[in-house]
Engineer: 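Below are the structure tokens for one structure; questions will follow.
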Amino acid sequence: MKATRRMLLGCALVAASLGFSQAQAQTTLRMTWYSDGNEGEVMNSLLRRFEEQNKDIKVVLDQVPFKAINENLPVQLAAGQGPDLARVADLGGVARYMLDLRPHLKDPAYFEANFGPFLEWMRLPGDTSSIPGYMTQLTLTGPFVNKTLFEQANIPMPAPKATWEDWAKAAKDVAAKVQAPFPVAIDRSGHRFFSLAITQGAQVFNDKGEPAVVDDGFKKGAQLVYDWHKNGVMSKELWGSVAGTAYRGANDEFKNAQVVMYESGSWQIGQFDKTIGNAFDWVAVPTPCGPANCSGMPGGAALVGIKTTQHPKEVARLIEFLASEPVAEEFYARSLFVPGHLGLAKKGLDYKDASPQGKAALKVFSEGVSGLSPVANKLQGYVNNRVIFNAVISRLGQAIAGEATLDEAYKRITADVEQQIAERNKK
Amino acid sequence: MTLSSKNPPASSALAGSAQTRRTSPFLRQVARIVDWPMAALQRLIGERRMPYVFLLPNLFFFGLFVFVPIAINFWYSVTGGPALFPSERPYVGSGQYSYLFECGSYADPSSCREDHFWRGVYNTVTFSFFQVVAMVGLSLLTAVVLNMKIKGRGFFRAVYFFPVLLSPVVVALIWKWILQRDGILNAWITAMGGDRVLFLTEPTWAMFWAIFVSVWSHMGFYTLILLAGLQAIPSDIYEAAEMDATPRWRVFWRLTLPLLWPNLVVVIVLALIRAVQTFDEVFVLTGGGPGTSTLMVVQYIYETAFSNQVQNFGLAAAASVVLGIVLFALTLAQLAYTQRKSS
């Protein structure tokens with residue numbers, strides 16, 4: 001009896017020490033993540049699968065609001081207190097804190113081949129080779145239209161290649177007939193503004209590649225937004241309602257059928273597909289045209305490793321797993337995202353969970369990628385692009401609210417951009 | 001025992017108090033243990049320095065969490081660049097202050113280089129003036145009414161105090177819900193046959209509601225202070241006035257108000273300091289808009305430091321030093337007044 005007890009005790013001790021040593025050997029990675037739709041849930045399930053296959057790594061997913069990614073994370077990173085990985089949208093802004101994964105990747109060529117053009121957005125000027133992570137989504141700006149409102153108003157929707165002015169007129173007519181409060185809504189975001197300004201011919205940069213934000217194309221775009229607020233095409237509730245750099249979207253208003261045409265982007269598809277359901281018919285349409293082109297603005301979010309991590313090898317293993325073709329394919333398909341993976345974009349994705357409306361919208365945005373203007377790509381990849389975006393919304397917002405004229409706003413935009421870039425360059 | 005007769009030793013004090021109520025043997029034991037090192041310390045540094053020994057622990061933490069951050073903030077204000085650590089930031093002297101104060105005319109914010117700061121200053125001054133006037137007036141009126149013998153007095157006292165217990169963010173969200181395009185207020189207006197009013201997108205309305213919501217949420221606290229003041233006024237004064245058949249307005253003007261004046265000064269100064277510091281409620285309610293019509297100085301500081309891609313900690317720190325000086329002046333004014341009154 002005693003011998004059996006001793007044996008049992010011995011076994012328990014061995015098991016406990018084995019468990020202890022395994023727990024000790026396990027590396028915990030922290031990943032900071034934000035979600036527009038259901039991608040947090042999808043990522044969580046993929047991480048559990050990764051943990052099953054890699055018992056020595058545990059991943060903690062810290063889900064935070066988008067605002068925290070833009071405002072709090074950079075301070076954390078500057079203080080050296082950041083997570084091991086983070087999903088970021090301001091790629092140029094936090095590029096200096098990103099980890100170059102190349103020494104730890106089994107196949108860096110795979111990343112170059114499938115994420116090459118987007119890796120440039122994550123690199124600092126002068127860097128042509130680092131691989132900090134991969135794109136969790138490629139986004140494209142573009143309009144969503146409430147088709148049911150057009151049908152109720154008995155007004156035909158403008159054809160593809162219609163201009164912004166055509167859409168504004170049609171949306172205003174529809175809104176007048178069906179009593180919708182927002183004929184056209186554009187997110188209060190500099191990024192979205194440039195999807196309009198670039199179609200009007202905005203060049204953003206001079207010949208030397210330096211920012212020269214206010215040009216004729218920019219002014220045409222700004223004038224349109226300004227006039228639309230004056231003549232009731234746009235409501236002041238977005239651009240005129242808040243101060244400074246605050247973002248305001250009209251996704252809730254669109255879901256409540258209050259908006260005829262909503263200029264936003266592909267990241268909204270998941271939530272529209274889920275929440276609108278059969279309440280009304282909605283469609284995504286190609287970006288309206290201007291005198292220069294019909295380009296939207298590209299964008300997206302990347303999952304990147306952070307330089308200060310104590311576990312670069314494990315970070316690389318995780319990113320390799322998530323960026324691998326089958327896993328990335330599942331992630332994009334379940335999240336209803338336009339793939340930020342060239343191979344998958346070429347192959348095409350089967351969005352099994354999407355409704356016919358969602359699938360159609362994804363097709364429109366995916367097709368829009370080929371029509372992107374070089375200016376749009378350059379602006380997205382510019383390290384100080386948020387300086388420009390913020391100056392534009394802040395000053396244009398003042399003009400729309402009646403605090404300044406458009407000419408005063410232009411002067412302020414130029415001064416703000418110069419001052420902030422000078423401040424960044426102070427050493 | 002060498003403690004002076006002015007300060008009897010702790011043990012003897014405890015022993016003395018034991019005459020009136022029993023002290024536990026444990027506490028007496030603790031007092032004895034503490035007694036001898038304190039006595040030794042007093043012999044060493046002298047009796048006059050002993051109070052500082054007792055103040056030191058609190059002063060240490062106060063200094064660590066108040067004075068050290070102030071000093072660091074000041075250092076940030078004389079440095080530039082986007083670096084976070086003070087040691088990595090280049091010294092720019094008074095550059096940030098010069099930038100803040102570079103104006104064609106201080107009366108016209110749009111002539112200033114950093115116009116948002118000056119718009120914030122003017123909005124804060126406007127907000128503070130009207131908010132404090134409304135706050136003091138309504139708190140006084142409410143306190144006077146709640147001091148009367150009315151039915152349900154306890155209930156109403158609780159009702160007026162209740163908003164103070166709510167988080168400012170919750171207060172602002174509730175009011176935003178009431179004031180928005182499809183909010184309760186507009187539903188009521190349209191039901192009465194009126195047209196919708198976009199309360200938060202018209203500059204005058206937005207400032208009005210920012211003040212209104214702030215007064216609504218904090219009034220209970222100031223009412224409580226004034227109510228305590230009213231209850232401290234001896235009732236025989238009112239009885240004497242009643243016997244003289246003094247009119248009620250005269251009683252209020254000549255008796256109540258002068259006797260309540262010290263409490264009113266406290267309320268005015270506290271409300272003013274709080275108004276100058278306003279951020280959360282207005283930020284959630286209006287976001288500083290429309291345009292910059294409700295942008296306050298504290299929101300300017302926050303946005304300059306954190307919202308922009310280039311987080312300009314130096315400029316934000318300089319603005320917060322300026323704000324700190326204003327608040328310090330207000331506090332000094334209050335101290336000077338209360339000291340003059342008490343002397």
Side-chain angles (χ1 to χ4, degrees), chain A residues 67 70-72 74-80 90 92-94 96 181-182 188 235-248 253 256 258 383-391 394-395 397-405 408 412 415-417 419-427, chain B residues 79-85 88-92 95-96 99 109-116 119-120 123 176 180-182 186 196 198-203 206 282-296 299-300 302-315:
Chain A
K67 197 176 166 68
N70 278 339
E71 294 182 9
N72 302 3
V75 180
Q76 266 184 290
L77 297 177
D90 178 15
V94 293
R96 62 202 155 125
F182 301 90
R188 191 182 192 269
S235 164
K236 280 187 181 177
E237 280 164 88
L238 290 181
W239 280 75
S241 69
V242 288
T245 60
Y247 167 83
R248 281 284 185 279
E253 287 79 2
N256 288 322
Q258 293 181 313
V383 72
N384 292 318
N385 60 11
R386 259 187 71 220
V387 168
I388 297 174
F389 296 156
N390 286 347
S394 171
R395 298 308 182 172
Q398 278 184 273
I400 288 162
E403 277 178 10
T405 63
E408 285 165 351
R412 288 285 183 186
D416 286 355
V417 171
Q419 188 263 334
Q420 288 214 35
I421 292 176
E423 190 67 25
R424 169 165 269 182
N425 293 335
K426 270 183 194 164
K427 295 265 188 269
Chain B
T79 60
L84 182 68
F85 292 111
E88 295 168 6
R89 298 177 59 80
Y91 179 74
V92 296
Q96 306 284 15
Y99 187 79
S110 60
S111 71
C112 299
R113 183 107 186 255
E114 190 59 5
D115 62 326
H116 280 176
R119 286 184 195 277
N123 290 337
K176 198 172 182 176
Q180 65 193 9
R181 175 192 283 271
D182 296 319
N186 267 323
R196 270 197 181 87
L198 297 179
F199 292 110
L200 300 177
T201 57
E202 293 301 326
V282 180
F283 183 65
V284 176
L285 186 70
T286 67
T292 54
S293 57
T294 56
L295 176 82
M296 304 293 162
Q299 185 181 340
Y300 165 82
Y302 161 72
E303 292 200 337
T304 305
F306 301 109
S307 283
N308 294 325
Q309 189 184 29
V310 180
Q311 298 182 322
N312 199 337
F313 301 121
L315 194 61

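Reminder, nothing fancy here: chain letters follow the sequence lines and each chain counts from 1. Every heavy atom of this structure was used, including side-chain atoms; hydrogens, water molecules and symmetry mates were not.
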Engineer: Looking just at side-chain N and O atoms, do T201(B) and E237(A) make a donor-acceptor pair shorter than 3.5 Å?
Structural biologist: no
Engineer: What pairs with L77(A) under side-chain contact (heavy atoms from CB on, under 4.5 Å), at least two apart in sequence or on another chain?
Structural biologist: L73(A), P83(A), V94(A), Y97(A), I306(A)
Engineer: What residues, two or more places apart in sequence or in another chain, satisfy salt bridge (Lys or Arg N to Asp or Glu O under 4.0 Å) together with E114(B)?
Structural biologist: none
Engineer: In Å, rounded to the nearest 0.5 Å, how long is the span from CZ of R395(A) to CG of D115(B)?
Structural biologist: 4.0 Å
Engineer: Start with the C-alpha distance between Q258(A) and D182(B), add both sets of side-chain angles, then the distance that settles side-chain contact (heavy atoms from CB on, under 4.5 Å), and finish with yes or no.
Structural biologist: CA-CA 11 Å; Q258(A) 293 181 313; D182(B) 296 319; 2.7 Å; yes
Engineer: Identify which of R196(B), H116(B), E202(B) forms the greatest number of heavy-atom pairs closer than 4.5 Å to chain A.
Structural biologist: H116(B)
Engineer: Shorter than 4.5 Å, heavy atoms on both sides: which option in E408(A), E423(A), K236(A) has the most such pairs with chain B?
Structural biologist: E423(A)
Engineer: Quick check for you: to the nearest 0.5 Å, what is the distance between E403(A) atom CD and R119(B) atom CZ?
Structural biologist: 4.5 Å
Engineer: Could you tell me which portion of T294(B) (side chain, backbone, both or neither) has an atom closer than 4.5 angstrom to a non-hydrogen atom of chain A?
Structural biologist: neither
Engineer: Under the criterion side-chain contact (heavy atoms from CB on, under 4.5 Å), I'd like the reasoning laid out for T245(A) against N308(B): C-alpha separation, chi angles, the key distance, then a yes or no.
Structural biologist: CA-CA 7 Å; T245(A) 60; N308(B) 294 325; 3.4 Å; yes
Engineer: What part of F85(B) gets within 4.5 angstrom of chain A, counting heavy atoms only: side chain, backbone, both, or neither?
Structural biologist: side chain
Engineer: Once rounded to the nearest 0.5 Å, what's the spacing between atom CZ of R181(B) and atom OG of S235(A)?
Structural biologist: 5.0 Å
Engineer: How long is the span from the CD atom in Q311(B) to the CZ atom in R424(A), to the nearest 0.5 Å?
Structural biologist: 9.0 Å
Engineer: Which bit of L198(B) comes within less than 4.5 Å of chain A, counting heavy atoms only: side chain, backbone, both or neither?
Structural biologist: side chain
Engineer: Measure Y302(B) against the heavy atoms of chain A and call it side chain, backbone, both or neither at under 4.5 Å.
Structural biologist: side chain
Engineer: Heavy-atom pairs under 4.5 Å with chain B - which of G244(A), A391(A), A79(A), G93(A) has more of them than the others?
Structural biologist: A79(A)
